[in-house]
Amino acid sequence: MTNPNHSPSAIPGPNPTPGPGVAGPPTKHQLALMIWLAVFPTLTVLNLALGERLSTLAPVLRTFVLATIAVPIVIYGLMPQLHRLRVRILTR
């Protein structure tokens with residue numbers, strides 16, 4: 001049975017190629033670079049700031065604490081900014 005409210009354009013499919021002046025999603029290489037640019041400085045700063053306080057912890061527990069702090073900073077703070085920067089660079 002056909003649905004009169006169903007339009008063919010509403011069928012999900014592959015994303016079309018973006019037009020000129022529009023940046024598509026990052027390639028896996030771009031995404032890897034963006035993640036590295038966010039993670040490395042974040043972990044460096046956290047290690048410098050918390051290294052002495054965490055030095056008595058076992059390595060696995062120290063890593064858990066650092067990851068618990070770093071992941072939200074990277075995902076919610078830095079990655080959105082890097083995505084915006086990437087779009088600005090690609091749509092110049």
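- By the side chain to side chain contact (heavy atoms under 4.5 Å, CB included) test, Ala38 pairs with Val74, Leu78, Met79, Leu82, sequence neighbours left out.
- No side-chain heavy atom of Arg86 sits under 4.5 Å from any side-chain heavy atom of Ile89.
- Following chains of ILVMFWY side-chain contacts shorter than 4.5 Å, one can reach Leu46 starting from Leu61, so the two form part of one hydrophobic cluster.
- For the atom pair Arg88 CZ and His83 NE2, the distance stands at 13.5 Å (nearest 0.5 Å).
- Atoms CG and OG, from Asn47 and Ser55 in turn, are 11.0 Å apart once rounded to the nearest 0.5 Å.
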Please step through side-chain contact (heavy atoms from CB on, under 4.5 Å) for the pair Arg53 and Leu50, ending with a clear verdict. CA-CA 5 Å; Arg53 288 182 222 162; Leu50 303 174; 3.9 Å; yes
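- When all heavy atoms are compared, the tightest approach of Pro72 to Ala67 is CD-O, 4.2 Å.
- Residues meeting the side chain to side chain contact (heavy atoms under 4.5 Å, CB included) test with Arg84, sequence neighbours left out: Pro80, Gln81.
- Note on Leu33: it clusters hydrophobically with Leu43, by side-chain heavy-atom contacts below 4.5 Å among ILVMFWY residues.
- By the side chain to side chain contact (heavy atoms under 4.5 Å, CB included) test, Val65 pairs with Leu54, Leu57, Ile69, sequence neighbours left out.
- Under the rule for a ring-ring contact (aromatic ring centres under 6.0 Å, His included), Tyr76 has no partner lying at least two apart in sequence or in another chain.
- Val45 and Val71 are members of different hydrophobic clusters when ILVMFWY side chains are connected at heavy-atom separations under 4.5 Å.
- Residues in residues 25-55 take part in these ring pair (Phe, Tyr, Trp, His ring centres under 6.0 Å) pairs, two or more places apart or across chains: Trp36-Phe40.
- The side chain to side chain contact (heavy atoms under 4.5 Å, CB included) check on Thr56 picks up nothing, with sequence neighbours excluded.
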